[in-house]
Q: 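Structure in structure tokens, see below.
Just so you know, ligand 1 is whichever comes first in the structure, and atom 1 is the first atom listed for that ligand.
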Amino acid sequence: MQKEKKKIMLTGDRPTGRLHIGHYVGSLRQRLEIQESGEYDKVFVMLADAQALTDNAENPEKVKESVLQVAIDYLSVGIDPKKTHILIQSEIPQLHELTVYYMNLVTVSRAQRNPTVKAELKMRGFGGDSVPVGFLAYPISQASDITAFKATIVPVGEDQEPMLEQCREIVRKFNSVYGEVLVEPEIYLPPNTACQRLPGTDGQAKMSKSLGNMIYLSDPEEELRKKVMSMFTDPGHLRIEDPGKIEGNTVFTYLDAFVKEDSFEKHLPEYKNLDELKAHYRRGGLGDVKVKKFLFAVLNEFLAPIREKRAYYEKNIEEVIEALEEGTAEARRVAAQTLADVKRAMQINYFEAWNEEYGRSFE
Ligand code: TRP
């Protein structure tokens, strides 16, 4: 008998600071789309605090504060706790139990081969023997995050592709050894390259706290203006008359990610669309300041309602905590069900099995 496959979304973020507009185009926007589509049986978003601790073991304060800040970011962009369960990873013990069993299905060399882990190790300066075991194992723990909810779709940025690949391998291995219990998830990537990796305001490939090159969802208007007006463009575009480059020009990359159908009509009616604006910039005769002012208007229009909601939740923090409480309780219920299935398949459901065998209830 073929069971009807449910549609379940799960994704998450490491709470190590407030979310920025790269998170929005890279993943939040896709989550909102799924949440609003009404096509999913369940939608989960996880504050992956345990994962954040794999390389912040000595920074518990930062993780603790970020959990609430990121939760406020979620609610402010429109994640609706009536439709999406927001959960705290460390509050779901079943996830950690699953991880222990999955660790037996992954070799050390496979763990070391994960390209995202490799890149992160380099970035964080963990070399050779100084790598925390937990850090190397975090993709395995992430496989627990995903499979505990039997997620079918995981909206994340392309840097998470290796995590999904490793998760699918664990699912296949588990199912082939113990029987069909786990579900293979699919990745759901952002629609275009501008959204897949939004560069920093300085033109660096990635937004990062240490470079101070990000625009936060919570940035006030003046902060946003300052950041946009000092953004990296085309260093060869010195005079207005000069022809300018679009490729690698951060202002245009952001426009690619954020311009909406009515943006030109509202903020720059001399142009019909982004193609016209780009063509003029390429020809020469269009100054950076004008394009930056337009980008500021577009981003400010996007951020204004988010700021307003943030101000509301900052005043009504109990509502945020209640959303986390309810989301986490539901997540625990679902994860407990999966863990029970897993233990049954692995034949370590002792008391359940003995109860059946002897017809009485041992606990
Ligand atoms: N690794 C993800 C990140 O760094 C966060 C994360 C943790 C996650 N658990 C997850 C993402 C489960 C998707 C599914 O952003």
Q: For E322, enumerate each residue passing the side-chain hydrogen bond (donor to acceptor under 3.5 Å, both in side chains) test, keeping only those at least two apart in sequence or located in another chain.
A: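 side-chain hydrogen bond (donor to acceptor under 3.5 Å, both in side chains) list for E322, sorted by chain: empty.
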Q: Do S27 and R31 pair up side chain to side chain, a donor and an acceptor below 3.5 Å, judged on atom types alone?
A: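 Looking only at side-chain atoms, R31 and S27 do form a donor-acceptor pair, the distance falling under 3.5 Å.
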Q: Do V183 and T147 come within less than 4.5 Å of each other through their side chains, counting heavy atoms only?
A: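 No, too far: nothing below the 4.5 Å cut-off.
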Q: Return yes when atom CD of E270 has more than 12 non-hydrogen atoms of other residues, nucleotides or ligands closer than 6.0 Å, and no otherwise.
A: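 Enclosed: over 12 neighbouring heavy atoms sit under 6.0 Å from CD of E270.
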Q: Tell me, please, which residues at least two apart from K7 pass salt bridge (Lys or Arg N to Asp or Glu O under 4.0 Å).
A: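 Checked K7 against salt bridge (Lys or Arg N to Asp or Glu O under 4.0 Å); matches are E39.
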Q: So which residues, sorted by chain and number, lie with a heavy atom under 4.0 Å of ligand 1?
A: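 Residues near ligand 1: L10, T11, G12, R14, A48, Q51, Q142, D145, I146, V154, V156, Q160.
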Q: Linking Ile, Leu, Val, Met, Phe, Trp and Tyr through side-chain heavy atoms less than 4.5 Å apart, which residues share a cluster with V63?
A: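 So far as hydrophobic clustering goes, V63 is joined with L53.
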